[in-house]
Number of protein chains: 2
Amino acid sequence: MAVANDSPYDSSHMKSVILPAALKALLPPTLHARCEAGRFPRNDRIFLTGARPEWMFYVVSGEVTLERTGLQGEPVVLQRTRQGFVSEASLKSSKYHCDALAIVDTTVVKIPIRDLSAELDRDPAFASRWIGMLNGEVRRLRLHCERLSMKSVKDRVLHLIDTEGQNGSYTAATGLKSLAGELGVTHEALYRTLAALEKAHVIRRAEGVLSSVRP
Amino acid sequence: MAVANDSPYDSSHMKSVILPAALKALLPPTLHARCEAGRFPRNDRIFLTGARPEWMFYVVSGEVTLERTGLQGEPVVLQRTRQGFVSEASLKSSKYHCDALAIVDTTVVKIPIRDLSAELDRDPAFASRWIGMLNGEVRRLRLHCERLSMKSVKDRVLHLIDTEGQNGSYTAATGLKSLAGELGVTHEALYRTLAALEKAHVIRRAEGVLSSVRP
DNA sequence: CGTACTTTTGAATCGCATCAAATCTGGTGG
DNA sequence: CCACCAGATTTGATGCGATTCAAAAGTACG
């Protein structure tokens, strides 16, 4: 039969792909060949709430958001990923608990979950690396919660530069409007706060890079 | 020598302890005997930022907060645990990145990290269960972030009952003031919002239990 | 019974959301 | 090349909701 099939368990058109170094170091060689490349144009859904996870997605370039539908039907952003796994917590889930949306043109590496899971059970060293990755994710999420607990936009911005920035500089790769959503504030409030912080010589701004004046 | 020694690797006073069912099911039998009970009176620090992790703590009763020191020296609550692991993300860390504080009298089970880590490397099924536990933690944290992104106290309260409650009822075991901190709002705002929601027959309240009227 | 803490209500203030609108930007097609 | 459009960026005005400060009432505990 010549029907198109996107399942990872159809061996008829397996294609390996160049892996980012971080992913190559994490995954055992066995899995390297089973990874595939994926491309999603802006505004494409990568997966939907309720669907059965078959692939584990690793964002190589672009940006993906995880979204749930709020109580009033409005979309709420759970997470934003520019580099790294999406939905790593759905490894053992029978269905997704949120949507994944490519908010710009995005390329990913797809790993078949069945193989990934089997390999985690078989290879303790790999499982250990995977646990380390999840530990990092937990820490990052806790910092994000800490940031969202701050009452003023100013505090959130400074905390962001402090905790997510590289030696005093944070790069807002996908624009300030997107950053505002991540910080849980309106874009107007963020623009105003940045302007005020810049005028007060607390931060500097250039090409979407926010730098703390005194690191 | 008769010096007191709290290290898990001093075999002279090993004492096993009754484990909660959830913990017993997670840990391999090998580790059961190496667990110890711990008791921390209210306001005791369980560990400090910068210290080397030797024990993994599982809260059995009471309440523990993870705290970091904010930019202005004020303590910021990263997380609140009434039941489950504290600092599970520090499994492989050489030092803690926050303080743990018993905010009421608390009992914990302590597991020696060295043994825990060794067993994770040796027992793939255990590693798999551990990964499942971390996956749940990641999901819970994402929901917490989602909640903190909501602008009104009302939305946060309803979201809390929705996502953390048992069929429409959330139990604020350690008081509403503590809950306010978890929701990232002042206790005054929480009291007022709860009163308003109750008057509007959206929720009911009894003995620290918040119930959604229409589940 | 006094102390410490939580719960509750009141009043004033401030920061952010909201609505509105202007400018700027990059990209597309005539 | 210019007209045009969609989206990001920016500034302005207004109102609401939460913070803040204050104080009273309730509760647990020694």
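Each chain gets a letter, A, B and so on, in the order its sequence line appears, and its residues count up from 1.
- Pairs of residues two or more places apart, or lying in two chains, that qualify as salt bridge (Lys or Arg N to Asp or Glu O under 4.0 Å) and include a residue from residues 37-48 of chain A are Arg45(A)-Asp99(A).
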Chi angles and distances behind the side chain to side chain contact (heavy atoms under 4.5 Å, CB included) call for Asp155(A), His159(A): CA-CA 6 Å; Asp155(A) 285 349; His159(A) 182 272; 6.0 Å; no
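- Following rounding to the nearest Å, Leu176(A) (CG) and dG7(D) (P) show an atom-to-atom distance of 18 Å.
- Taking the side chain of Lys151(B) as heavy atoms from C-beta on, and the options dC16(C), dT20(D), dA17(C), the nearest nucleotide is dA17(C).
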Which atoms of nucleotides 19-25 of chain C (N or O only) lie under 3.5 Å from a protein N or O atom, and what are those distances?
{"residue": "dC19(C)", "atom": "N4", "partner": "Glu188(A)", "partner atom": "OE2", "Å": "3.0"}

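- Candidate nucleotides dT19(D), dT18(C), dT10(D) were compared by shortest atom distance to the side chain of Ala189(B), and dT19(D) ranks first.
- The bend of the helix from dC1(C)-dG30(D) to dG30(C)-dC1(D), defined by the angle between the axes of its first five and last five pairs, stands at 40° to the nearest 10°.
- Applying the 4.0 Å criterion to OP1 and OP2 of dC16(C), one finds that Thr186(A) has every side-chain N and O outside that range.
- Ionic pairing of Glu164(A) and Arg147(A) is present here: one or more N-O contacts between side-chain nitrogen and carboxylate oxygen are shorter than 4.0 angstrom.
- Side-chain contact of Arg139(A) with Ser93(B): a donor-acceptor pair under 3.5 Å is present, judged by distance alone.
- Using modelled atom types, one finds no donor on one side chain facing an acceptor on the other under 3.5 Å when comparing Thr49(B) with Arg68(B).
- A straight line from NZ of Lys154(A) to C1' of dC14(C) spans 14 Å, rounded to a whole angstrom.
- Rounded to whole angstrom, the span from the CG atom of Asp155(B) across to the C1' atom of dG17(D) amounts to 12 Å.
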Could you run down the sub-3.5 Å N/O contacts of the protein with nucleotides 24-30 of chain D?
none

Trace of the side-chain hydrogen bond (donor to acceptor under 3.5 Å, both in side chains) decision for Arg80(B) with Ser178(B): CA-CA 9 Å; Arg80(B) 204 170 290 272; Ser178(B) 162; 3.0 Å; yes
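- The CG atom of Leu179(A) sits 20 Å away from the P atom of dG7(D) (whole-angstrom rounding).
- Within a 6.0 Å radius of NZ in Lys151(A), more than 12 heavy atoms belonging to other residues, nucleotides or ligands are found.
- The side chain of Arg205(B) places no N or O atom within less than 4.0 Å of a non-bridging phosphate oxygen (OP1 or OP2) of dT7(C).
- Side-chain contact annotation: Arg82(B) with Ser61(B), donor-acceptor N/O pair under 3.5 Å absent.
- Legend: salt bridge (Lys or Arg N to Asp or Glu O under 4.0 Å) pairs involving residues 186-203 of chain A, not counting sequence neighbours, sorted by first then second residue: Glu198(A)-Arg205(A).
- Counting only residues at least two apart or in different chains, ring pair (Phe, Tyr, Trp, His ring centres under 6.0 Å) contacts with residues 160-184 of chain A are absent.
- As rounded to whole Å, 16 Å separates atom P of dA18(D) from atom OH of Tyr191(B).
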Side chain to side chain contact (heavy atoms under 4.5 Å, CB included) between Phe40(A) and Leu101(A), worked out: CA-CA 9 Å; Phe40(A) 295 92; Leu101(A) 172 63; over 6 Å; no
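- Comparing atom distances between the Val153(B) side chain and each of dT9(D), dT7(C), dA18(D) picks out dA18(D) as nearest.
- Side-chain contact, Gln83(B) with Tyr58(B): a donor N or O sits under 3.5 Å from an acceptor N or O.
- Taking every side-chain heavy atom of Arg42(B) into account, dC5(C) is the closest of dC5(C), dA17(C), dT7(C).
- In this structure, Leu183(B) places its CG atom 11 Å from P of dT19(D), rounding to the nearest Å.
- Summarising the geometry, the separation between CG on Leu210(A) and P on dT9(D) is reported as 11 Å, rounded to the nearest angstrom.
- When heavy atoms are screened at a 4.0 angstrom cut-off, Thr193(B) is found touching no nucleic acid atom at all.
- Rounded to whole angstrom, the span from the CG atom of Asp105(B) across to the C1' atom of dC5(C) amounts to 15 Å.
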